[in-house]
K.L.:
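Questions regarding the structure given below will be posed in turn.
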Amino acid sequence: MIELIDFERDVVEVFERNGEIARTTWVTLQGHRMVFTYSYSKKRILLKPENVRRNEVVSFGWNESKNQTLNSLNSALRQMGIKC
């Protein structure tokens, strides 16, 4: 499981609009760029590879446990070629 981001190698960028934090966070892990974004219509956090226009790889809701979310996230990251 991903437990730690290596800031020597990995990057986290939070999108800002008009001085306010927006609903999009860009992450680069092991050279793979992905985006976490909040969908108001689905009421879920979506993980998409490379850009916001791509289909989500996985989504998370508030009703899932921490373990369910981590298992789903780790499975999606492995599918994207990221070693967890």
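Numbers here are sequence positions counted from 1. Values below: every heavy atom of this structure, side chains too, minus hydrogens, waters and symmetry copies.
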K.L.:
State, with a plain yes or no, whether a side-chain heavy atom of V35 is found less than 4.5 Å away from one of T25.
P.N.:
no
K.L.:
Is the shortest side-chain heavy-atom distance between I82 and M34 below 4.5 Å?
P.N.:
yes
K.L.:
Please round to the nearest 0.5 Å and tell me the distance separating atom CZ of R23 and atom OG1 of T37.
P.N.:
4.5 Å
K.L.:
Considering residues, nucleotides and ligands other than N55, do more than 12 of their heavy atoms fall under 6.0 Å from its CG?
P.N.:
no
K.L.:
Can you tell me how far the CE atom of M80 sits from the NE2 atom of H32, to the nearest 0.5 Å?
P.N.:
7.5 Å
K.L.:
Is a donor on one side and an acceptor on the other found under 3.5 Å between the side chain of T28 and the backbone of G31?
P.N.:
no
K.L.:
Give the C-alpha distance, both sets of side-chain angles, the deciding distance and a yes or no for side chain to side chain contact (heavy atoms under 4.5 Å, CB included) between K42 and E56.
P.N.:
CA-CA 12 Å; K42 295 181 179 182; E56 74 252 21; 3.0 Å; yes
K.L.:
Going from CG on L29 to NZ on K83, what distance comes out if it is rounded to the nearest 0.5 angstrom?
P.N.:
14.0 Å
K.L.:
Treat each ILVMFWY residue as a node, draw an edge where side-chain heavy atoms are under 4.5 Å apart, and state whether I45 and L47 are in one component.
P.N.:
yes
K.L.:
Could you give the distance from CG (N63) to CZ (R44), rounded to the nearest 0.5 Å?
P.N.:
6.5 Å
K.L.:
Working to the nearest 0.5 angstrom, can you tell me the gap between K48 NZ and S39 OG?
P.N.:
7.5 Å
K.L.:
Report yes or no: does S72 contribute a side-chain atom to a donor-acceptor pair with the main-chain N or O of Q68 at less than 3.5 Å?
P.N.:
yes
K.L.:
Hydrophobic clusters here meaning ILVMFWY residues chained together by side-chain heavy-atom distances under 4.5 Å, can you tell me if F60 and V27 are in one?
P.N.:
yes
K.L.:
Any link between L46 and V57 through a network of hydrophobic side chains (Ile, Leu, Val, Met, Phe, Trp, Tyr) touching at under 4.5 Å?
P.N.:
no
K.L.:
Please determine whether side chain to side chain contact (heavy atoms under 4.5 Å, CB included) holds for the pair L73 and F36, giving the CA-CA distance in whole Å, both sets of side-chain angles, and the decisive distance to 0.1 Å.
P.N.:
CA-CA 11 Å; L73 177 59; F36 289 92; 4.1 Å; yes
